[in-house]
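Proteins get letters first, then strands, A, B, ... in listed order; numbering begins at 1 in each. In what follows, every heavy atom counts, from backbone to side chain, and hydrogens, waters and symmetry copies are set aside.
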Amino acid sequence: MPEGNSIHRFAREHTRDLGGRTVRVSSPQGRFSREASRLNGRAFLRAEASGKHLFHHWQGGLIVHVHLGMFGWFYRRDASDAQPRPTVRMRLATPEVTWDLIGPPTSELVTDQERARILARLGPDPLAPRPGARRFARALANHRKTVGDALLDQRVSAGVGNIYRAEALFLTGIHPLRPAAALDPAAAAAVWQTLRGLMRRGTREGRTTTVAADELDPAERRSGVEAFYVYQQERCRRCGGRIRRFPLTDRVMYACPKCQRRR
DNA sequence: CTAGTATGGACAA
DNA sequence: TGTCCCTACTAGC
């Protein structure tokens, strides 16, 4: 279940594995069969990530738009792994490697205009090279609801999902129910920098772990399991207090009432 | 077997 | 606001 870090990582890996190569494209599950037959045998040019959206650019100007939604994922297979699961929506295969796409609500051919329209409705992406701190601060200041709501709004910060919103607000000591517009500029800047740091780490490591290396206990370090400060936690890693959980933007929000101030 | 859960988002009204 | 899309895994009968 992907947030922006996963999408950016997939884009890198797809470009590395498939860029400039002739690719066999198929749809074992069947819902991408027409598109697959148009793409099959073409050269894959590059993958592009913005927020949680992924675009595959193909020879001849064809563009595939993928959104993984809540369940979608890409699986990298050894080239010898010939048998796809029946649920594979799109299989991209070269002699060296195979990528299987499973479970996306969106997998479609789009025009360049449609791609531009999708990009235009996204706010700044903490993983984009282009600096976004000012746009982010402006979007927060204009947001009518809480900062917790705001961080999940893709027009405010594209690519942030339920884990990163909870963890970034914990690390900045901000309670999610504060009105977004009430954050002062320093707090907004701190949230942005924290999101950037967490998500860059997540992209690099290929997991969503947010806890600093020196705060992991030895068992966690050994196991390599993802570790969080508040997301799905019972007790606060810093103060030992009970983590509160409550619905926010139709998702479950987690916060430590002691470490995260309401104002 | 069924129900419930999970890191998301578009669209209609 | 509600409806729909989409998969895999788990707990419980």
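Near-neighbour residues of DNA chain C inside residues 102-119 of chain A, defined by a heavy atom below 4.0 Å, number-ordered: A:Ile102, A:Gly103, A:Pro104, A:Pro105. Contacts between residues 161-174 of chain A and DNA chain B, counted as heavy-atom distances below 4.0 Å, involve A:Gly161, A:Asn162, A:Ile163.
Comparing A:Leu152 and A:Val252 by the nucleotide of DNA chain B whose heavy atom lies nearest to each, the residue mapping closer to the 5' end is A:Val252.
Remark: A:Arg178 pairs with no residue by the salt bridge (charged side-chain N to carboxylate O under 4.0 Å, His left out) rule, at least two apart or across chains. With sequence neighbours excluded, the residues that form a side-chain contact (heavy atoms from CB on, under 4.5 Å) with A:Ala219 are A:Asp217, A:Arg222. Applying the ring-ring contact (aromatic ring centres under 6.0 Å, His included) criterion to A:His56, with sequence neighbours excluded, gives A:His14, A:Phe44. Every side-chain contact (heavy atoms from CB on, under 4.5 Å) that A:Ser6 has, sequence neighbours left out, goes to A:Pro2, A:Phe10, A:Trp73. Residues passing the side-chain contact (heavy atoms from CB on, under 4.5 Å) test with A:Arg244 are A:Phe246, A:Pro257, sequence neighbours excluded.
Straight-line distance from the OH atom of A:Tyr75 to the C1' atom of C:dT7: 8 Å, rounded to whole Å. A:Asp250 has its CG atom 10 Å from the C1' atom of C:dT1, to the nearest Å. Rounded to a whole Å, the CZ atom of A:Phe71 is 11 Å from the C1' atom of C:dC4. A:Arg85 has its CZ atom 14 Å from the C1' atom of C:dC6, to the nearest Å. What separates CZ of A:Phe228 from C1' of B:dT7 is a distance of 8 Å, to the nearest Å. Protein atom NE2 of A:His65 is 14 Å distant from nucleotide atom C1' of C:dC5, rounded to whole Å. Put simply, CD on A:Gln29 is 8 Å from P on C:dC6, counting in whole angstrom units. Rounded to an integer number of Å, the gap from A:Met70 CE to C:dC4 C1' is 13 Å.
There is a path of hydrophobic side-chain contacts, each under 4.5 Å, that joins A:Leu140 to A:Tyr164.
Proximity note for A:Lys52 (side chain, C-beta onward) versus C:dT7, B:dG9, B:dA6: the nearest is B:dG9. Comparing atom distances between the A:Gln232 side chain and each of C:dA8, B:dG9, B:dA6 picks out B:dA6 as nearest.
Distance check on atom C1': B:dC11 versus C:dT7 gives 22 Å, rounded to whole Å. Separating the P atom of B:dT5 from that of C:dC13 is a span of 15 Å, rounded to the nearest Å.
Through direct or relayed side-chain contacts under 4.5 Å between Ile, Leu, Val, Met, Phe, Trp and Tyr, A:Leu152 connects to no other residue. Chaining together hydrophobic side chains whose heavy atoms lie under 4.5 Å apart places A:Ile63 alongside A:Phe55, A:Val110, A:Ile118, A:Leu119, A:Leu122.
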Which pairs of donor and acceptor atoms, one on a side chain in residues 168-177 of chain A, lie under 3.5 Å apart (sequence neighbours left out)?
from     : atom 1 : to       : atom 2 : distance (Å)
A:Thr172 : OG1    : A:Ala168 : O      : 2.7
A:Thr172 : OG1    : A:Leu169 : O      : 3.3
A:His175 : ND1    : A:Leu177 : N      : 3.1

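Distances shown here put a side-chain N or O of A:Thr87 below 4.0 Å from the OP1 or OP2 atom of C:dA8.
Listed by first and then second residue, the ring pair (Phe, Tyr, Trp, His ring centres under 6.0 Å) pairs that reach into residues 104-141 of chain A are A:Phe136-A:Trp192, sequence neighbours excluded.
Among A:Thr98, A:Asp100, A:Val97, the one residue that satisfies the side-chain contact (heavy atoms from CB on, under 4.5 Å) test with A:Arg76 is A:Val97.
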Please list, pair by pair, any protein nitrogen or oxygen found under 3.5 Å from a nitrogen or oxygen in nucleotides 11-13 of chain B.
none

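Between the side chains of A:Tyr254 and A:Glu167, no donor N or O sits under 3.5 Å from an acceptor N or O.
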